[in-house]
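Okay, structure first, notes after.
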Protein chains: 2
Amino acid sequence: MPPQHQVTLAQVAEAAGVSIATASRAINGSTRKVSEEIRVRVTQTAEELGYLPNLSAQTVVKGASPTVAVLVSDIADPYFSAISSGIMAAARQAGLMVTMATSERRSADERDMIRTFRSQRPRAIVVVGSRWDQDPQAAAIEEQLAAYQQAGGRVVLVSQGPSPFDLVEIQNFEGAKALAHALVDQGGQRFGVAVGYRRLRTNADRLAGFTQGLAERSITLKEEAVAEAAFTRDGGYAAMRQLLERGVELDTVFAASDLMAFGAATAMREAGVQPGAQIGLAGFDNIALTEDVTPALTTVDAPLGEIGRRAMDLALSEGTEPRTVEVPTSVILRASTPRR
Amino acid sequence: MPPQHQVTLAQVAEAAGVSIATASRAINGSTRKVSEEIRVRVTQTAEELGYLPNLSAQTVVKGASPTVAVLVSDIADPYFSAISSGIMAAARQAGLMVTMATSERRSADERDMIRTFRSQRPRAIVVVGSRWDQDPQAAAIEEQLAAYQQAGGRVVLVSQGPSPFDLVEIQNFEGAKALAHALVDQGGQRFGVAVGYRRLRTNADRLAGFTQGLAERSITLKEEAVAEAAFTRDGGYAAMRQLLERGVELDTVFAASDLMAFGAATAMREAGVQPGAQIGLAGFDNIALTEDVTPALTTVDAPLGEIGRRAMDLALSEGTEPRTVEVPTSVILRASTPRR
DNA sequence: TTGAAAGCGATACCAG
DNA sequence: CTGGTATCGCTTTCAA
């Protein structure tokens, strides 16, 4: 790493003919006790010299950096990028920088990244991503986060409870349940589900909610009508193919995410089935473009940008007790699930 | 910002019964001159105590932080998130952290963010986003970047040339030209274009390439067949509406990005026109989901992930002369532009 | 190979 | 209000 020589505070002080202490107060005066005249002179000198405060030096003495660290599974996934967008907007308003890393859903890496984050002494660490059942790394990760919190940092999870940390929780169960109701009300009777791996809590919850929603309308979701694959576009494609190959009779398919739904739609078409015609299709999340596809995709809206903002709110707040923010979801019916 | 008390190197040294200097060498020994026995003892003690190096302190003394700063216009846009994903993957391999900010296409903010980046003393700054013609802030931004480079940092732009910095350039002109050829070869005759604001170089280049491609096939693109709006999904929608309202006769529309194409497709449908049937539609970028929409979208592939990786390659390389990497594009014909 | 000590850039306490 | 100085956590000469 080539060292970068920069203008230092000492140089500014010297050029302005004041002490370092005064220069510091003039430029970053916490309790501004500097005569206006000097303040102007120093800031001008700083400007002329192109002085930029060394954030690291400030961090060393202050003990924490004006930064929030964000860990997401995959930034190319519109779900995560929308949440990240909300986080970054809120961070900017709060005058914080964002350092970001992607775990690519490998929880071993996740632990390492959190260690690296801790080295940065950020003001908060936000982890976005579903919890895994029986994750062998879960304990190690939680330990890292707990130690960080112990040391005075704030931890916010966008995930599922229960959690010893601040938590933003999407109503996966409730949303899926409401969707089931809506779809039955539209005349759906034979349901199938394309779900991501159930070890991911998000999938388990959405499936459970959907199942219960159907049950409340006296419809039993048969196990053979549930196909499981990766929680991605390709997984949706694969799961839909499974369903089609199994020959289960279906009039409506629920995909556990919009991305899976997109893949599922393509699988249907390849099999000569028109989504929204022979078989209805619904997703979850309401990511961008769900309105632009044909037929427009029925889905459960999760306000992703707001989720990011809420996470930052928690990160910036002071409380000591871990709090949970429930983010409500709402069903959006579109052409992909016509009334029958 | 609550100070965070953490285990320090001094504590580790004390607990291990060695000097701070030795502890430092044992844990981060650049030139490893520590006896194996001590090394083991120190690292174990560090582990037990939960020691984490203070990155800021290291940065202060080393003069630069193991970080690359990335500025993108909008992380929620799949174009940028795909590039970011490539950058982050490459950064991780190189053992660098990523600090990220979004300018939201406001170039005044852009300048400020670069200043803030500089305060971090990152190893490199990567700016992703099209250049504006007559951008009043352009000079100020370039000045910031130049000063940063002067001080030993590396600057990489993912943008358009000419540039005094390292540059990753997408072949917008060539790609659009090739697309024009392909569409004419398929029998297209009456072309329209939905383009983003032309002050954005990306749009100007894509439009110019497309126009020239048509010209090379003896087709003149009339000005009335070009509609200009925001370089977003909504802009595509608006531009397409303009075209339709103008009543220009069209058999094929080129949208300057896939996102614009998605919006344009919806506008067509609302007007009772089937994209891919009455009017063909093509985009640019080949973002995710272009294959999953109906009809699948013809587009120009820009390898977004690779663009990010290339940018990092440049950021990590040592050379002093500014270099340019041209990233080739390729036409992908799909159902949205059927043979006529 | 190890340790003592001099910085790195900035803040904040304590006098003046 | 201003200046001198100890301090933050760590790396890196310079001796031993």
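So that the names make sense, note that chain A is the first sequence line, chain B the second, and so on, each numbered from 1. Quick caveat, the model's predicted, so the values are computed rather than measured.
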| task | Mark yes or no for whether B:Arg310, through its side chain, and B:Val158, through its backbone, hold a donor-acceptor pair below 3.5 Å. | result | no
- Item | Check: A:Ser65 main-chain N/O paired with A:Gln120 side-chain donor or acceptor under 3.5 Å | no
Could you tell me whether B:Ile20 contacts a base, only the sugar-phosphate backbone, or nothing, with contacts defined as non-hydrogen atoms closer than 4.0 Å?
base
From the candidates D:dG3, C:dG3, D:dT12, the one with an atom nearest any side-chain atom of A:Ser19 is D:dG3
Side-chain atoms of A:Leu9 come closest, of C:dA10, D:dG3, D:dC10, to C:dA10
Quickly work out the [X] [atom1] to [N] [atom2] distance and round it to whole Å.
X: A:Leu52; N: C:dG9; atom1: CG; atom2: P; value: 14 Å
X: B:Arg121; N: C:dA10; atom1: CZ; atom2: C1'; value: 11 Å
X: B:Asn54; N: C:dA10; atom1: CG; atom2: P; value: 16 Å
X: B:Lys62; N: D:dC8; atom1: NZ; atom2: C1'; value: 17 Å
X: A:Gln11; N: C:dC8; atom1: CD; atom2: P; value: 11 Å
X: A:Glu14; N: C:dG9; atom1: CD; atom2: P; value: 14 Å
X: B:Glu37; N: C:dT2; atom1: CD; atom2: C1'; value: 13 Å

Closest non-hydrogen atoms of A:Leu200 and A:Trp132, given as atom of the first, atom of the second and distance, are CD1-NE1, 2.9 Å
A:Leu9 and A:Ala23 have their tightest heavy-atom pair at CD1-CB, 3.8 Å
Is [X] close enough to [N] that one of its side-chain N or O atoms is under 4.0 Å from OP1 or OP2 there?
X: B:Gln58; N: D:dC10; answer: no
X: B:Asn28; N: D:dT11; answer: yes
X: A:Thr22; N: D:dT2; answer: no
X: A:Ser35; N: D:dT2; answer: yes

Within the modelled atom types, does a donor on one side and an acceptor on the other bring the side chain of A:Arg25 and the base of D:dG3 under 3.5 Å apart?
yes
Of B:Gly17 and B:Val60, the one whose nearest nucleotide on DNA chain C sits closer to the 5' end is B:Gly17
Residue pair B:Ala21/B:Val61 against DNA chain C: nearer the 5' end by closest nucleotide is B:Ala21
Fill in: Ion pair B:Glu36/B:Arg39, N-O distance below 4.0 Å
yes
